[in-house]
Amino acid sequence: MPPRTSAMLLYTENPMPKTFSDLIELMARLRSANGCPWDREQTYATLAPMLLEEAYEAFEAVESANEGRPHELRDELGDLLFQVVFYAQVATERNEFSIDDVTNAIHEKMTRRHPHVFGDSKAENSADVLRNWEAIKAEEKRASRKHEADKASLLDGVSSKAPALMEAHQLSTKAARVGFDWEKLDDIFEKIQEEVDELRAAISVHAESNSEADHARIREEVGDLLFAVTNVARHLKVEPEAALKLTNRKFRRRFGFIENTLRERDQKFEDSSLAELEELWQAAKAK
């Protein structure tokens with residue numbers, strides 16, 4: 001049995017639930033002169049990759065929670081929250097803002113964006129709420145950038161740094177809220193077929209020319225096709241990033257089944273025919 005560390009003793013002797021204030025105090029201590037050298041070295045820039053990683057891990061844990069493992073989501077949300085507190089501590093040391101400023105700002109924003117709850121506005125359904133939200137958000141942007149008001153775009157709120165699939169979903173969602181959308185799902189499927197036809201045509205042209213310009217056209221047509229598919233997901237109220245993540249996980253499981261089966265047979269991929277691999281894939285699906 002390993003010796004009990006000071007951290008273990010602290011945990012067992014202080015079983016009281018920890019609060020948000022405790023987390024803030026912990027972060028301040030980690031960054032203090034008597035704290036952790038690694039934590040003290042972190043900056044906005046060095047924390048950025050970790051923030052993104054924790055966000056994705058929390059995203060992944062949502063599916064784990066749906067599959068009956070909510071503790072994984074709990075833990076990942078804690079890691080994500082820790083990143084928020086970490087950033088706020090760095091900002092405090094830079095005299096830029098504090099964690100109180102963060103919570104005040106989001107509280108004020110949510111109050112302002114829900115006038116049907118905290119004010120006199122009316123919203124009969126979710127569509128009304130979203131339309132009001134976009135109108136309020138646009139007004140906020142105009143107020144904060146009066147000199148650029150004429151150049152402001154409804155799409156400015158969508159980060160160009162977001163993953164492309166997520167960005168596409170958000171762009172079309174915002175456009176749809178002001179009426180720029182297909183009227184019915186079948187119209188999108190027609191658009192998808194149109195994009196498939198254009199992609200096939202671009203592939204044929206490139207096969208003849210083998211030019212870089214024609215290959216760039218293929219890339220563009222693939223992008224158009226993917227963008228159209230995200231609109232199907234949006235109309236069906238499916239988040240495409242989450243849907244693709246599920247498919248990725250499914251592929252991992254099935255491919256892992258193939259690998260394990262080949263190991264049990266003492267057989268390598270290069271010694272297996274495509275027909276054999278397809279048979280194993282179907283077996284994985286059935287399982």
- From E190 CD over to E195 CD, what is the distance, rounded to the nearest 0.5 angstrom? 13.0 Å

- Item | N-O pairing of D128 and K122 below 4.0 Å | no

- Query: Under a 4.5 Å side-chain heavy-atom rule over Ile, Leu, Val, Met, Phe, Trp and Tyr, are L226 and L185 clustered together?
  - Reply: yes

- Item | Shortest non-hydrogen contact between N132 and A123, atoms and distance | ND2-CB, 4.3 Å

- Message: Quick check: do L246 and K250 have side-chain heavy atoms less than 4.5 Å from each other?
- Response: no

- Check: Q83/D79 side-chain N/O donor and acceptor closer than 3.5 Å: no

- To the nearest 0.5 angstrom, please state how far the OG1 atom of T230 sits from the CE atom of M166. 12.5 Å

- Can you get from L165 to V238 by hopping between Ile, Leu, Val, Met, Phe, Trp and Tyr side chains that sit under 4.5 Å apart? no

- Task: Test E167 against S160 for side chain to side chain contact (heavy atoms under 4.5 Å, CB included), laying out the working first.
- Result: CA-CA 7 Å; E167 181 186 8; S160 60; 4.1 Å; yes

- Item | Worked verdict on V84 versus I99 for side chain to side chain contact (heavy atoms under 4.5 Å, CB included) | CA-CA 8 Å; V84 174; I99 191 65; 4.3 Å; yes

- State whether the number of non-hydrogen atoms from other residues, nucleotides or ligands found under 6.0 Å of E124 atom CD is greater than 12. no

- Task: Grab the two heavy atoms, one from L51 and one from Y87, that are nearest each other, plus how far apart they are.
- Result: CD2-CE1, 3.9 Å

- Going by side-chain heavy atoms closer than 4.5 Å, which hydrophobic residues are tied to W133, directly or by a chain of links? I106, M110

- Item | Salt-bridge contact K137-E134 (side-chain N to carboxylate O under 4.0 Å) | no

- Message: Distance alone, cut at 3.5 Å: any donor-acceptor contact between the side chains of T46 and E41?
- Response: no

- Task: Using a cut-off of 6.0 Å, state whether more than 12 heavy atoms not belonging to R200 lie near its atom CZ.
- Result: no

- Item | N-O pairing of E140 and R112 below 4.0 Å | yes

- Task: Indicate if L52 and V85 have the same hydrophobic cluster label, given that clusters are the connected sets of ILVMFWY residues with side-chain heavy-atom separations under 4.5 angstrom.
- Result: no

- Message: If you count heavy atoms of other groups shown closer than 6.0 angstrom to CZ of R29, is the number above 12?
- Response: no

- Query: If you measure from NE2 on H169 to CG on L171, what distance do you get to the nearest 0.5 Å?
  - Reply: 10.5 Å

- What's the verdict on side chain to side chain contact (heavy atoms under 4.5 Å, CB included) for V90 and Q42, showing C-alpha distance, side-chain angles and the deciding distance? CA-CA 8 Å; V90 175; Q42 302 314 303; 5.5 Å; no

- Query: D101 side chain to S98 main-chain N or O, any donor-acceptor pair under 3.5 Å?
  - Reply: yes

- Would V222 end up clustered with I192 when hydrophobic side chains under 4.5 Å apart are linked, directly or stepwise? yes

- Flag the pair Q267 / E276 as yes when at least one side-chain heavy-atom distance between them is below 4.5 Å, and no otherwise. yes

- Got V129 and R113 here, is their nearest side-chain heavy-atom distance under 4.5 Å? no

- Task: Treat each ILVMFWY residue as a node, draw an edge where side-chain heavy atoms are under 4.5 Å apart, and state whether L244 and V232 are in one component.
- Result: no

- Message: Check K184 with D187, please: is the shortest side-chain N to carboxylate O separation under 4.0 Å?
- Response: yes

- Examine distances only and state if a side-chain atom of N210 and a backbone atom of H206 form a donor-acceptor pair shorter than 3.5 Å. no

- Heavy atoms of other groups near E194 CD, more than 12 under 6.0 Å: yes

- Rounded to the nearest 0.5 Å, how far does OG of S64 lie from CG of D75? 10.5 Å

- What heavy-atom pair brings A61 and E76 nearest, and what distance separates the two atoms? CB-CG, 3.7 Å

- Side chains of D120 and P115: closer than 4.5 Å at any heavy-atom pair? no

- Query: Donor-acceptor pair, D39 side chain versus C36 backbone, under 3.5 Å?
  - Reply: no

- Specify whether F59 and Y56 have parallel, tilted or perpendicular ring planes, treating 30° as the upper limit for parallel and 60° as the lower limit for perpendicular. perpendicular

- For the ring pair F189 and W182, is the centre-to-centre distance below 6.0 Å? no

- Derivation of the side-chain hydrogen bond (donor to acceptor under 3.5 Å, both in side chains) call for D181 and H235: CA-CA 10 Å; D181 195 11; H235 269 247; 3.1 Å; yes

- Query: Are K268 and D271 ion-paired here, with the side-chain N under 4.0 Å from a carboxylate O?
  - Reply: no

- OG on S172 to CZ on F180, rounded to 0.5 Å: 10.5 Å

- Message: Using a strict threshold of under 4.0 Å (side-chain N to carboxylate O), is an ion pair present between R217 and E221?
- Response: yes

- Message: Assess whether a salt bridge exists between R249 and E67, defined as any Lys/Arg side-chain N lying under 4.0 Å from an Asp/Glu carboxylate O.
- Response: yes

- Message: Would R31 pass as a cation-pi partner of F86, given that its NZ or CZ must be under 6.0 Å from the six-membered ring centre and within 45 degrees of the axis?
- Response: no

- Task: Provide the closest heavy-atom pair for I218 versus L199 in the form atom of the first, atom of the second, distance.
- Result: O-CD1, 3.9 Å

- Query: Of all heavy-atom pairs between L277 and L262, which one has the smallest distance, and what is that distance?
  - Reply: CD2-CD1, 4.2 Å

- Message: So that I can tick it off, tell me whether K245 and E241 are bridged by a salt bridge, with the cut-off set at under 4.0 angstrom between side-chain N and carboxylate O.
- Response: no

- Closest non-hydrogen atom pair between L30 and R40, with its separation: O-CG, 4.0 Å

- Message: Pair L77, L81 - check side chain to side chain contact (heavy atoms under 4.5 Å, CB included), show working.
- Response: CA-CA 6 Å; L77 288 176; L81 178 60; over 6 Å; no

- Query: Would you call E139 and I136 a side-chain contact if the rule is heavy atoms closer than 4.5 Å?
  - Reply: no

- Could you tell me whether F20 and F82 have their ring centroids closer than 6.0 angstrom? no

- Item | Distance, nearest 0.5 Å, that separates OG1 of T92 from CZ of F97 | 7.5 Å

